[in-house]
Amino acid sequence: MEQSVNHSTFVIERNYPASPKRIFAAFADPAQKRRWFAEGEGFQVDEFTMDFRVGGSERTRFRSAENGPLKGASLTNHTTFQDIVPDRRIVLAYTMAVADKRISASLATFELLPAAEGTDLIFTEQAAFFEGADGPQMREQGWQELLDRLGKSL
């Protein structure tokens, strides 16, 4: 079977009524990150580990609900932090797998910019989606939901 890759780049912009320092902490502190990133209705977290430093890694393994669209499948995100500038920028590379089959590899950048009211967050993802992947539209929707959860956690 011939390999195929679907490449995509998307950008999501948000404004949060919180300082860059507070938003950065929501990414840097493992307990805070787990709450908005890994935990949620319809998912069971099986593993969450994080070493937040350049070269450090994060691993999240969770299962969807049996009655959900993925029917109880195991999902794994493995992240390596590429660049961290406190209160300003986080760049990470991550892969996503469903039932141990890698479906994508991405480079993601979070920029935190002071704004008149709070902080502007600019999220850019450059992704390669493999056979059986969720695809660009679903991934962007997933990040929209995660960034909503980040906002609620602040």
Side-chain angles (χ1 to χ4, degrees), residues 6-65 68-70 73-98 102-130 133-154:
N6 180 6
H7 296 275
S8 181
T9 298
F10 60 88
V11 177
I12 301 171
E13 297 185 22
R14 295 291 171 90
N15 177 273
Y16 297 111
S19 69
K21 182 178 185 112
R22 181 140 181 242
I23 296 168
F24 185 83
F27 283 88
D29 177 81
Q32 288 185 58
K33 176 93 182 266
R34 180 183 169 126
R35 272 194 301 276
W36 70 265
F37 182 77
E39 297 174 356
E41 188 175 326
F43 291 98
Q44 176 182 325
V45 179
D46 293 327
E47 176 184 1
F48 181 84
T49 58
M50 189 170 99
D51 177 14
F52 189 74
R53 61 181 175 83
V54 173
S57 65
E58 176 181 300
R59 182 175 167 89
T60 308
R61 192 168 47 83
F62 53 98
R63 281 180 277 146
S64 65
L70 295 174
S74 174
L75 299 113
T76 305
N77 285 341
H78 186 258
T79 297
T80 303
F81 297 102
Q82 304 296 313
D83 186 54
I84 298 171
V85 178
D87 307 334
R88 291 189 47 215
R89 179 176 63 238
I90 302 165
V91 180
L92 52 90
Y94 76 97
T95 59
M96 181 179 274
V98 175
R102 185 165 294 152
I103 62 167
S104 66
S106 299
L107 179 69
T109 303
F110 298 86
E111 297 173 83
L112 305 175
L113 307 170
E117 295 185 27
T119 301
D120 290 332
L121 180 144
I122 302 171
F123 170 75
T124 304
E125 178 158 343
Q126 299 163 287
F129 296 94
F130 314 132
D134 53 348
Q137 292 79 19
M138 285 183 67
R139 184 67 55 87
E140 183 173 355
Q141 178 185 345
W143 274 111
Q144 294 275 7
E145 292 169 8
L146 284 169
L147 294 174
D148 286 347
R149 289 174 50 178
L150 169 62
K152 289 175 185 171
S153 78
L154 298 170

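Computed from a predicted model, the values in this text were never measured in an experiment.
- Separation of atoms CD (E58) and CG (D51) is listed at 10.5 Å; rounding is to 0.5 Å.
- If you take CG on L92 and OG1 on T79, they are separated by 5.5 Å, rounding to the nearest 0.5 Å.
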What's the verdict on side chain to side chain contact (heavy atoms under 4.5 Å, CB included) for S8 and R139, showing C-alpha distance, side-chain angles and the deciding distance?
-> CA-CA 10 Å; S8 181; R139 184 67 55 87; over 6 Å; no
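- Among all heavy-atom pairs drawn from P136 and N6, the shortest one is CD-ND2, 3.6 Å.
- Here NZ of K21 is found 13.0 Å from CG of L112. Values are rounded to the nearest 0.5 Å.
- Nearest heavy atoms, Y94 versus A108: CE2-CB, 4.3 Å.
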Verdict with supporting geometry, E111 and E13, side chain to side chain contact (heavy atoms under 4.5 Å, CB included) = CA-CA 10 Å; E111 297 173 83; E13 297 185 22; over 6 Å; no
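- Using a 4.0 Å cut-off between a side-chain N of Lys or Arg and a carboxylate O of Asp or Glu, D46 and R61 qualify as a salt bridge.
- At least one donor-acceptor pair under 3.5 Å links the side chain of R22 to the backbone N or O of L154.
- Between P20 and D87, the shortest heavy-atom distance links the atoms CB-O, 3.3 Å.
- Minimum interatomic distance between M50 and A28 (heavy atoms only, all atoms of both residues): CE-O, 3.0 Å.
- If you take CG on L150 and CD on E145, they are separated by 14.0 Å, rounding to the nearest 0.5 Å.
- When all heavy atoms of A38 and F48 are compared, the closest pair comes out as CB-CD1, 4.0 Å.
- Around the CZ atom of R102, the shell of radius 6.0 Å holds no more than 12 heavy atoms that belong to other residues, nucleotides or ligands.
- Residues passing the ring pair (Phe, Tyr, Trp, His ring centres under 6.0 Å) test with F52, sequence neighbours excluded: F24, F81.
- Of the inter-residue distances, the one linking Y16 atom OH with K152 atom NZ reads 11.0 Å to the nearest 0.5 angstrom.
- Side chain of W143 to main chain of I12: no donor-acceptor pair is present (N/O by atom type, distance under 3.5 Å, no hydrogens or angles).
- A tilted orientation is assigned to the rings of F123 and F10, their planes being inclined by 30° to 60°.
- For the pair N15 (side chain) and E117 (backbone), a donor-acceptor distance under 3.5 Å is present.
- Atom CH2 of W36 and atom CG of L147 lie 6.0 Å apart (nearest 0.5 Å).
- Looking only at distances, no side-chain donor or acceptor of Q126 sits under 3.5 Å from a matching main-chain atom of T124.
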With side chain to side chain contact (heavy atoms under 4.5 Å, CB included) as the test, would you mind laying out the steps for Q141 and Q137 before giving the verdict?
-> CA-CA 6 Å; Q141 178 185 345; Q137 292 79 19; over 6 Å; no
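- Nearest heavy-atom pair across S57 and H78 is CB-NE2, 4.2 Å.
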With side chain to side chain contact (heavy atoms under 4.5 Å, CB included) as the test, would you mind laying out the steps for I103 and F129 before giving the verdict?
-> CA-CA 6 Å; I103 62 167; F129 296 94; over 6 Å; no
